[in-house]
Amino acid sequence: MRPTFVLVHSPSVGPATWRPVAEHLTAAGHRVRLPSLLHVGDGAPPYWPRAVAAVRASLHGLPADTPIVLVAHSNAGLFLPVIRDGLDHRVAASVFVDAALPARSGATPVAPPGLLDVLRASAVAGRLPRWTDWWDEADVAPMFPDDRTRRAVVDEQPRLPLAYYEQEIPVPAGWDDHPCAYLLFAPPYEDAAAEAEARGWRTARLPGEHLHQLVDPAGTARLVAELASPEG
């Protein structure tokens, strides 16, 4: 049975960051689910159980024997172990796309201490600016192929609580008991790609900016499908 691709966006942005890739995967004959994590930061911590619940909810109605491929972008990579551990469906593969990697064991801090210091200085009443407002225009503009796509992504971004970035996410033992792979876009994630290679994961590169799946959704969809395939 062909797997269903589950495209998990970073809680810092929204599902619009994956929608063009979802359309290309669907056109290629794959089944796709696109969960929304936009409300993960609502309420009190811990926040990671809400991410798991959102992905579980997106699989409602999917036959129990359907294998799935988890595909995580950016910060969502830290959630893949607990998502994998919290699902009833068999995970056939996990693909990290320009994503942060979970620790090998124990727990993973969402933000390193240096970034936390910057975020604490930016928070207002415990909430942070939208993710695209963290950066200069010269850094943000090249990530989008056109103004329409940019508006779609920017408009749905949440203002996450600072506490979201102060949390640690558990890494359940044995979560990576299936093929894992890494797709690198941008230089800031070179270390993560190198760590993926050190873990023995299949890796590929598609040079671009951090939201390159919006610029080249066809190429991203093709490589995600190849990385998830047992045949490679």
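These values consider heavy atoms only, across backbone and side chains, with no hydrogens, waters or symmetry-generated copies.
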For residues W131 and Y165, establish whether the separation of their ring centroids is below 6.0 Å.
-> no
Heavy atoms of A72 and L80 approach each other most closely as CB-CG, 3.7 Å
Between A54 and L37 the two heavy atoms that sit nearest each other are CB-CD2, 3.5 Å
D139 side, atom CG; E137 side, atom CD - distance, nearest 0.5 Å = 9.0 Å
Minimum heavy-atom distance between L38 and V13, given as atom pair plus value = CD2-O, 3.1 Å
Taking the side chain from H89 and the backbone from L62, do they hold a donor-acceptor pair closer than 3.5 Å?
-> yes
P145 and V215, any side-chain heavy atoms less than 4.5 Å apart | yes
Minimum side-chain heavy-atom gap V82-P172 below 4.5 Å | yes
Within one Ile-Leu-Val-Met-Phe-Trp-Tyr cluster: L206 and L184, side-chain cutoff 4.5 Å = no
Would you name the heavy atoms of P129 and W134 that are closest together and state the gap between them?
-> O-NE1, 3.1 Å
Under a 4.5 Å side-chain heavy-atom rule over Ile, Leu, Val, Met, Phe, Trp and Tyr, are V91 and V6 clustered together?
-> yes
Just do the side-chain contact (heavy atoms from CB on, under 4.5 Å) check on H60 and R33 with the steps written out, would you?
-> CA-CA 10 Å; H60 179 73; R33 296 293 171 101; 5.5 Å; no
Ignoring hydrogens and angles, tell me if any N or O in the side chain of W18 forms a donor-acceptor pair with the backbone of L34 under 3.5 Å.
-> no
Is the H210 ring parallel, tilted or perpendicular to the Y189 ring (thresholds 30°, 60°)?
-> parallel
Apply side-chain hydrogen bond (donor to acceptor under 3.5 Å, both in side chains) to Q157 and S12, showing your working.
-> CA-CA 7 Å; Q157 288 177 111; S12 303; over 6 Å; no
Is the shortest heavy-atom distance from the side chain of H212 to the side chain of V97 under 4.5 Å?
-> no
Side chains of P15 and E156 in contact at under 4.5 Å (non-hydrogen atoms) = yes
Does the side chain of L214 come within less than 4.5 Å of R150's, by heavy atoms?
-> no
NZ/NE/NH1/NH2 to OD/OE distance under 4.0 Å, D88 and R56 | yes
Any sub-3.5 Å donor-acceptor pair from Y182's side-chain atoms to E195's backbone N or O?
-> no
Looking at A196 and T203, what are the two nearest heavy atoms and their distance?
-> CB-CG2, 4.1 Å
Nearest 0.5 Å please: distance from the CD1 atom of I83 over to the CH2 atom of W48.
-> 10.5 Å
Here the gap from M143 atom CE to L211 atom CG, rounded to the nearest 0.5 Å, amounts to 5.0 Å
Any donor-acceptor N/O pair, R159 side chain to L128 backbone, under 3.5 Å | yes
Checking side-chain contact (heavy atoms from CB on, under 4.5 Å) for the pair T4/V69: CA distance, chi angles, key distance, verdict?
-> CA-CA 6 Å; T4 293; V69 172; over 6 Å; no
Is T132 reaching over with its side chain to a backbone N or O of V154, donor-acceptor style, under 3.5 angstrom?
-> no
CZ on R199 to SG on C180, rounded to 0.5 Å | 8.5 Å
Is R50 reaching over with its side chain to a backbone N or O of V40, donor-acceptor style, under 3.5 angstrom?
-> yes
Taking R2 for its side chain and G29 for its backbone only, find out whether a donor-acceptor pair lies under 3.5 Å.
-> yes
Can you see which heavy atom on L160 is nearest to which on G41, and at what distance?
-> CD2-CA, 4.0 Å
Are I68 and V21 connected in a single hydrophobic cluster, I mean Ile/Leu/Val/Met/Phe/Trp/Tyr linked by side-chain heavy atoms less than 4.5 Å apart?
-> no
Charged N to carboxylate O under 4.0 angstrom, E226 versus R202?
-> no
V95 and L70: CA distance, side-chain angles, deciding distance, side-chain contact (heavy atoms from CB on, under 4.5 Å) verdict | CA-CA 6 Å; V95 182; L70 293 173; over 6 Å; no
Are V71 and V8 side-chain neighbours, meaning at least one heavy-atom pair lies under 4.5 Å?
-> no
Measure up the F96 and W175 rings against each other and bin them: parallel (under 30°), tilted (30 to 60°), perpendicular (over 60°).
-> perpendicular
CG-CH2 distance between L183 and W201, expressed to the nearest 0.5 angstrom = 13.0 Å
May I ask whether L7 and L87 are part of the same hydrophobic cluster, defined by side-chain heavy atoms of I, L, V, M, F, W, Y residues being less than 4.5 angstrom apart, directly or through others?
-> no
S229 side chain to A225 main-chain N or O, any donor-acceptor pair under 3.5 Å?
-> no
How long is the gap from CG on D85 to CZ on F79, to the nearest 0.5 Å?
-> 14.5 Å
Where does the angle between the aromatic ring planes of H73 and F185 fall among parallel (under 30°), tilted (30 to 60°) and perpendicular (over 60°)?
-> tilted
Would you mind reporting whether R19 and H9 have side-chain heavy atoms less than 4.5 Å apart?
-> no
Test item: D146 side-chain N/O and T149 main-chain N/O as donor-acceptor pair under 3.5 Å | yes
Look at R84 together with D177 and state whether they make a salt bridge at an N to O cut-off of under 4.0 Å.
-> yes
Quick one: are Y164 and P11 in side-chain contact, heavy atoms under 4.5 Å?
-> yes
Look at the side chain of S58 and the backbone N and O of V55, then say whether any donor-acceptor pair between them is shorter than 3.5 Å.
-> yes
So R31 and F5, side-chain contact (heavy atoms from CB on, under 4.5 Å) or not? Walk me through it.
-> CA-CA 6 Å; R31 291 179 297 185; F5 285 79; over 6 Å; no
